[in-house]
Amino acid sequence: EVQVVESGGGLAQTGGSLRLSCAASGFPFDDYAIVWFRQAPGKEREGVSCINTSAGSTVYVDSVKGRFTSSSDNAKNTVYLQMNSLKPEDTAVYYCAASAGGRWCRPRFQDSPMDYWGKGALVIVSS
């Protein structure tokens with residue numbers, strides 16, 4: 001059974017930090033990219049970051065570059081999203097997804113087909 005589960009969401013103050021985790025099982029983790037998306041209230045979903053779990057290479061959307069870092073612990077089949085210098089506009093439900101076709105994290109990584117999705121984790125940043 002395939003499972004993709006996010007954890008670590010919560011409330012943070014502006015300038016604070018949170019770390020999200022994405023634990024995956026049921027598919028060959030090393031053959032997939034893990035993509036983080038977010039959706040704020042009333043807004044379209046946007047791709048935040050992509051990590052190639054075998055090479056460790058990453059791509060980020062401009063709005064989070066220098067503040068968010070994605071990393072992979074392949075022994076645990078888990079990807080992390082470290083979020084620093086948080087802003088109120090980072091408030092959203094964060095989803096992780098696994099993509100075989102998008103495993104190389106091309107610049108438009110969010111356009112690759114996603115094979116598996118988690119249910120999301122809520123992040124609220126207070127001003």
Nearest 0.5 Å, what's the [atom1]-[atom2] distance between [X] and [Y]?
X	Y	atom1	atom2	result
Tyr95	Arg45	OH	CZ	8.0 Å
Leu81	Leu18	CG	CG	10.0 Å
Gln82	Leu20	CD	CG	9.0 Å

Examine distances only and state if a side-chain atom of [X] and a backbone atom of [Y] form a donor-acceptor pair shorter than 3.5 Å.
X	Y	result
Ser57	Ala55	no
Ser99	Pro113	yes
Tyr60	Ser70	yes
Gln110	Val48	no

With sequence neighbours left out, what residues match [X] under side-chain contact (heavy atoms from CB on, under 4.5 Å)?
X	result
Ser72	Phe29, Ile51, Thr53, Asn74, Val79
Ser71	Tyr80
Arg106	Trp104
Ala97	Phe37, Met114, Trp117

**Message:** One thing to verify: whether Asp62 and Lys65 come together as a salt bridge, which I'm taking to mean a side-chain N less than 4.0 angstrom from a carboxylate O.
**Reply:** yes
**Item:** Glu6/Lys119 salt bridge by N-O under 4.0 Å criterion
**Value:** no
Is there a side-chain contact between [X] and [Y] (heavy atoms, below 4.5 Å)?
X	Y	answer
Asp115	Phe27	no
Phe68	Trp36	no
Val123	Arg38	no
Arg103	Ser54	yes

**Request:** Sort and list the pairs that fulfil disulfide (SG to SG under 2.5 Å) and have at least one residue in residues 12-48, not counting sequence neighbours.
**Result:** Cys22-Cys96
**Request:** Please test Arg67 against Asp90 for side-chain contact (heavy atoms from CB on, under 4.5 Å), starting from the C-alpha separation and ending with a verdict.
**Result:** CA-CA 11 Å; Arg67 300 189 299 120; Asp90 295 319; 2.7 Å; yes
**Fill in**
Heavy atoms of Ala12 and Leu86 approach each other most closely as CB-CD1, 3.8 Å
**Item:** Shortest non-hydrogen separation from Ala100 to Tyr32 and the atoms involved
**Value:** N-CD2, 3.3 Å
**Asked** Can Val35 be reached from Tyr116 by stepping across I, L, V, M, F, W or Y side chains whose heavy atoms are under 4.5 Å apart?
**Response** no
**Prompt:** Does one hydrophobic cluster hold both Val93 and Leu11, with members joined at side-chain heavy-atom distances below 4.5 Å?
**Reply:** yes
**Request:** Only pairs at least two apart or in different chains count here, so list each side chain to side chain donor-acceptor pair (under 3.5 Å) that has a residue in residues 12-28.
**Result:** Ser17-Asn84
